[in-house]
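Lettering follows sequence order; numbering is per chain, from 1. Being a predicted model, the structure only gives us computed values, none of them experimental.
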Amino acid sequence: MSAHNSVAHLDSETKVDQYVKSRSYWETALLRIRQDRLTMVALTILLCITMMSALAPFITSNILHLDPNQTNPTQNFLPPGTGPYILGTDDIGRDQLARLLHAGGVSMRIGIFGAAFSLSIGVSMGVISGYFGGMVDDVMNWLITTIDSIPSLYLLILFAAIFSPSAETLILVISLISWTSSMRLIRGQTLALREQEYVIAARALGANAWRIMFVHIVPNLISITIISMTLTIAGLILTESALSYLGLGVQPPQATWGNMLSKSQQFFRQGPHLVIFPGLMIFITVLCAYVIGDGLRDAFDPTIRNR
Amino acid sequence: MTQYVIRRLIQAIPTFFGITIISYALMLGTPGGPIKAMFFGQRIPPEEIERRELALGVNDPLPIQYLRWLVGDDWMRRDTDGDGIADTAFLIPLDVNGDGEPEPPGDRYGILRGDFGRSFFHKRPAIDVLVERLPATLELGFSGLIVGLVLGLPIGVLAAINQGRWFDQVSRVGAVVVNALPNFWLALLLLLLFGSTLGWLPLGNRCRTTLDDTCPPITERLEYLILPTVVLAAGAVATYSRYMRASMLDVVNQDFIRTAYSKGLSSRVVWLRHGLRNAMLPIATLLGPSITFLLGGAVITETVFSWPGVGRLAVNAVGQRDFPVVMIVVIYAAMATILGYLLSDLMYAILDPRIRYEK
Amino acid sequence: MKPFYRLAMVACLCLLMGVTVWGQDAPLGFAEGDPVIEPNFGDDIKTLNPIIVADGPSQDVINRLFPVLIQYNPFTLAWNPGEPRGLAESWTISDDGRVYTFQLSDEYYWNDGTPVTTADIMWFWNATINEDTNSNNQLLIDQVESMVAVDDYTLEVTFKVASCTALDTLNPVTAVPAHAFEEWFGSDLAGMEDSEFNLDMPVTGLDFTFDNFRPGEQVTLRAYENYPDPVEGSVIPAGYIYKTVTDQVVQMEQFYAGELTWLESVPQSSMEEVRTRSDAGEFQIFEAPANTIRFLSFNLADPENPQDAVDEDGNPLDQGVHPILGDKRVRQALALAMNYDEINEGAFFGNGIPVASHVLPTSWAYPEDLAPYPFDPDAAGALLDEAGWTDEDGDGIRECNGCETTEDGTPLSFKVETNAGNVSQEALYTILQDQWSQIGVDAQVSFLDFNILVDSLLAQNYDAIGLFWNFSIPANPDDATDVFTPSADVIGSGFNTGSYNNPRVTELLEEARLLPGCDQAERAAIYGEMYEILADELPWLWLSTSTVMSAAQGNLENWDPQAGFARWNIDAWTSQSR
């Protein structure tokens with residue numbers, strides 16, 4: 001929860017000019033990322049986790065030959081490495097690895113789709129508000145100030161109590177609450193871009209507002225959006241786990257890393273592996289996302305020369 | 001300055017109304033409702049439930065309920081001749097339950113007049129329920145904020161001074177690592193390590209359990225504050241140190257620092273006297289978000305450490321559908337945040353000689 | 001920039017040292033003169049006023065403060081005159097069974113010196129029947145015709161009908177200090193809920209007095225030294241503290257560290273460890289069957305069109321039939337397909353107790369010969385085949401092929417809703433779902449917020465809902481009247497939410513309740529027949545109860561918890577001299 005609001009902060013003061021010369025700019029950024037070993041490692045790990053989570057049904061049925069929902073209560077709390085159970089079994093004898101993979105699918109879905117939804121609201125609102133200004137901007141400003149004034153966890157608890165959450169409703173709820181920060185960011189950028197010469201020129205030539213927004217402004221916001229995306233994914237995965245601890249997260253039988261971790265707390269004496277692995281999955285995923293976010297920011301920022 | 005403060009306060013009014021509308025709409029959307037959860041497991045005839053629902057006013061049209069909650073209903077249904085029965089009605093009928101008899105006059109004043117209603121479950125005014133939880137929350141929130149600043153700012157400065165060297169790298173990695181752990185897990189791990197395994201620190205709660213009426217003064221029970229503060233401040237330390245680092249680096253590249261160097265001042269003087277002072281400016285803007293963040297983070301921390309604060313109250317109240325308490329908690333939190341943002345702006349105005357807010 | 005490092009190092013060192021110095025000696029076990037500390041995992045207390053109390057934590061504290069009219073014996077679990085905290089020394093029953101005359105003890109005093117008399121009971125009664133107090137004791141109001149104080153120590157209670165459950169009905173009757181209550185609330189009963197005295201009760205009548213309530217932290221009671229009737233001659237503990245601990249893991253750690261004197265109920269996942277450590281003498285434990293049964297309520301009527309059992313004039317309404325669960329054979333098959341041993345292992349760590357009826361083995365009405373359904377998936381399959389549910393398309397889920405309750409082709413698939421946030425409940429239903437899928441039944445389990453669950457339960461639009469049933473103590477099998485008779489089948493309020501209706505069951509309940517002479521063996525036989533019918537027709541599937549384990553620090557003496565009345569002698573709890 002906390003991380004979402006704290007580290008996931010973008011430097012909104014970054015100058016706008018740098019996003020303009022598109023081709024060489026992207027090439028430089030790509031080059032920089034390739035040279036940044038830490039980011040590359042994080043990227044590789046995160047891609048692996050995402051792939052494994054996405055392919056969870058295939059992996060569990062064809063490689064592990066295990067059903068994540070197959071209970072076997074007489075075989076519970078088996079430590080990792082027992083028989084076919086690579087990461088052991090949980091309190092009712094389900095294979096932990098299979099469940100972690102499936103849970104990963106749900107957790108990553110919450111992170112990725114939640115971030116995507118949240119950003120699409122944030123970006124479109126931000127561009128519209130920043131470009132048109134005036135009344136639109138005032139109303140929008142009022143809306144985000146209002147939403148931001150209520151601590152987001154309080155709002156989430158309220159929402160979660162209303163829609164007894166499944167992964168899908170949680171994605172919806174989280175994105176409805178978390179779009180404000182990206183909106184602020186994009187709005188600031190749009191305000192600056194609007195005054196760029198080529199935008200003014202386009203306007204003078206009579207291009208219509210929507211065309212200017214989509215052709216001239218939005219492409220220049222892609223890099224900042226990507227950075228924001230990685231950080232939001234990390235924040236959302238953490239948020240889901242916090243909600244799970246309060247009993248308001250995704251409910252079983254749908255497993256997420258968050259509800260696996262919070263449920264297993266009381267088994268930490270019987271099966272430490274049930275606490276360690278889900279916790280580790282969250283930790284690694286979030287850490288990688290942060291590192292990538294950091295790396296991307298550096299890569300996209302021409303003012304940083306050599307680090 | 002006064003004018004500026006007044007203008008900012010006026011700007012906060014629409015925000016405040018926005019908050020009341022959003023939170024009230026959410027509350028009403030909650031399935032289950034207060035009555036059913038309240039009476040589950042008890043043998044109460046439907047007429048009785050209806051009577052109590054009526055008394056709580058949960059069956060009126062939604063805008064009326066919102067209005068009653070906001071500004072009260074004593075003006076909606078008035079008793080002009082003093083016989084205890086309403087005879088003048090506005091917006092709502094005299095005879096609410098349709099039994100042919102008019103009801104007693106409205107007795108709610110609404111939140112704008114300080115009446116947050118009575119907690120459905122605590123059977124006390126909701127505001128009392130909130131107020132008795134405030135000291136604990138403020139205690140934890142402030143210590144979190146102070147630790148966040150006291151550790152975060154120097155770490156940020158040190159990191160900036162040592163840019164690219166090991167301290168810089170360690171602090172940056174540390175910030176990310178701490179933030180990548182789920183908050184409740186970090187809390188439980190610390191509690192099990194320091195409280196259970198090592199036995200150095202208490203296992204949650206706000207003070208030693210004794211027969212006394214109150215907790216001793218805060219100085220005599222600091223050990224109870226350590227772990228919750230650490231967990232709460234972990235995120236704040238990370239944020240502040242990174243902000244401070246960025247802000248410091250920003251400042252030292254500016255002209256006046258170069259001038260200071262060229263005047264022959266020692267680097268320590270330059271960094272501390274010129275750099276630090278100017279780098280502190282952006283930090284002022286962090287105060288507002290910090291308050292929101294500390295309040296939000298406290299929900300988890302308070303639950304793990306059995307800390308008797310507002311965050312835990314909010315979670316319980318939502319679970320019980322205790323509408324008045326949930327609403328007052330949300331509004332309190334929102335007001336604190338608005339105030340935080342206001343303070344941020346004021347500090348910024350005071351600290352930055354370039355900004356003048358007069359007129 | 002060396003000074004900075006030095007400064008940082010010093011700061012770190014100071015912090016570390018501070019931490020070590022603060023590390024205090026944890027109190028080990030329980031010592032003479034200590035208060036008894038019991039954790040409260042639930043919520044804060046809401047009121048200490050017995051007239052308006054409606055929640056568990058408040059009732060727990062009230063039980064420490066106010067004497068009641070009648071109290072049951074902690075060992076026999078039967079109503080018994082002269083028990084501690086029970087005012088009635090003896091009682092007589094009139095020939096027609098309607099009038100109970102209680103003789104009250106003259107040894108009880110409020111802590112301000114006023115004797116406890118019938119006036120105190122009468123004040124409770126008059127406030128309860130007054131609509132203004134919104135009393136929750138509806139059963140008491142319904143069954144008791146009148147209560148009259150004959151003299152200061154004689155009370156006459158007249159019931160509307162002579163019933164064998166009369167004493168059970170009087171369970172909530174509590175003495176309140178009439179002189180004080182009259183002064184505080186007398187003029188304005190409707191305003192009673194708002195009174196500040198509800199959370200600051202200066203006048204009490206038992207071995208502990210109320211001291212203070214710190215919201216979110218603790219409720220503190222102090223020993224009342226002048227209490228006339230302690231179990232061991234004097235009130236030994238210095239006080240009694242209900243301490244709020246909101247995380248279950250932390251609660252256990254606090255107990256292990258000696259910060260909690262005792263736990264009324266150890267979480268299932270920790271029982272094994274506590275057992276092992278109690279063998280080593282570190283703790284003492286007491287285990288007994290819990291007075292809670294987990295059940296699955298089937299909706300027998302059409303969930304699409306929920307109806308009350310009878311209309312306003314008492315004529316039966318057509319409630320339809322549930323397309324799947326309306327057939328008794330399907331319900332029986334579900335029971336036969338349940339492998340209890342697996343459930344016990346996975347959900348209760350081996351601490352589960354199978355049940356065949358909703359009465360506990362400790363009760364006088366327990367039907368000895370009634371066995372739970374055996375685990376027999378073949379028989380379950382055969383029953384489903386017979387009922388016309390077979391899997392023709394080979395997808396692993398049966399469809400209706402000539403079943404009686406719905407159209408052909410309908411898959412044997414229904415929703416099971418249960419409460420979220422309980423680990424045992426999660427495990428239980430996850431395993432059950434798995435076991436049922438083995439016989440071709442698709443149960444879609446969802447775990448919901450309690451409020452939402454209650455909504456759907458009372459609206460009667462569910463397929464099957466799994467919940468708990470907490471029994472009153474002493475056991476009162478008449479509870480079933482509120483659950484399995486048409487009179488309780490009212491949408492929005494009744495508990496016969498599955499619309500079960502068997503006239504014979506209604507008749508048996510009535511017969512047992514009104515049996516002349518109230519012979520317990522005869523009543524047990526009548527209830528026995530009812531349990532058999534219910535076990536055959538399975539309107540609710542009884543899943544399990546479990547062992548409840550109370551645990552205390554090893555050196556706590558005189559700790560003698562009894563099932564359902566663990567604190568009966570707390571004023572005698574003391575520590576071994578070490």
May I have the list of side-chain donor-acceptor pairs in residues 330-338 of chain B shorter than 3.5 Å, sequence neighbours left out?
residue	atom	partner	partner atom	Å
B:Thr337	OG1	A:Ser149	O	3.1
B:Thr337	OG1	B:Ala333	O	2.8

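Closest heavy-atom contact between B:Asn179 and A:Leu238: O-CD1, 3.1 Å. The two residues B:Phe184 and A:Leu261 make their nearest non-hydrogen contact at CZ-CD2, 3.7 Å. Closest approach of B:Leu188 to A:Tyr245, counting heavy atoms only: CD1-CE1, 4.5 Å. Heavy atoms only, all atoms of each residue included: A:Trp142 and B:Thr15 are closest at NE1-N, 3.6 Å.
A:Leu280 touches chain B through its backbone: at least one of N, CA, C or O sits under 4.5 Å from a heavy atom, while the side chain does not. Heavy atoms of B:Ile19 lying under 4.5 Å from chain A belong to its backbone as well as its side chain. At a 4.5 Å heavy-atom cutoff, B:Val231 makes no contact with chain A through either its backbone or its side chain. Residue contact with chain A, scored on non-hydrogen atoms closer than 4.5 Å, involves the backbone and the side chain of B:Leu181 alike. Contact annotation for B:Val304: both backbone and side-chain heavy atoms come within less than 4.5 Å of a heavy atom of chain A. Proximity to chain B is absent for every atom of A:Thr285, based on heavy atoms less than 4.5 angstrom apart.
Chain B forms more heavy-atom pairs under 4.5 Å with one residue of A:Gly258, A:Ser262, A:Ala234 than with any other, namely A:Ser262. If you tally non-hydrogen atom pairs under 4.5 Å between each of A:Val291, A:Leu143, A:Val275, A:Asn141 and chain B, the highest count goes to A:Val275.
No side-chain heavy atom of A:Ile282 sits under 4.5 Å from any side-chain heavy atom of B:Trp185. You'll find the side chain of B:Ile300 reaches within 4.5 Å of the side chain of A:Leu153, heavy atoms only. Side-chain contact between B:Leu192 and A:Gln265 is absent, with no heavy-atom pair separated by less than 4.5 Å. Residues B:Gln11 and A:Thr145 are not in side-chain contact: their nearest non-hydrogen atoms beyond the backbone lie 4.5 Å or more apart. Using a 4.5 Å cut-off on side-chain heavy atoms (C-beta onward), B:Val315 and A:Ile157 make contact.
With sequence neighbours excluded, no residue satisfies salt bridge (charged side-chain N to carboxylate O under 4.0 Å, His left out) with A:Asp138.
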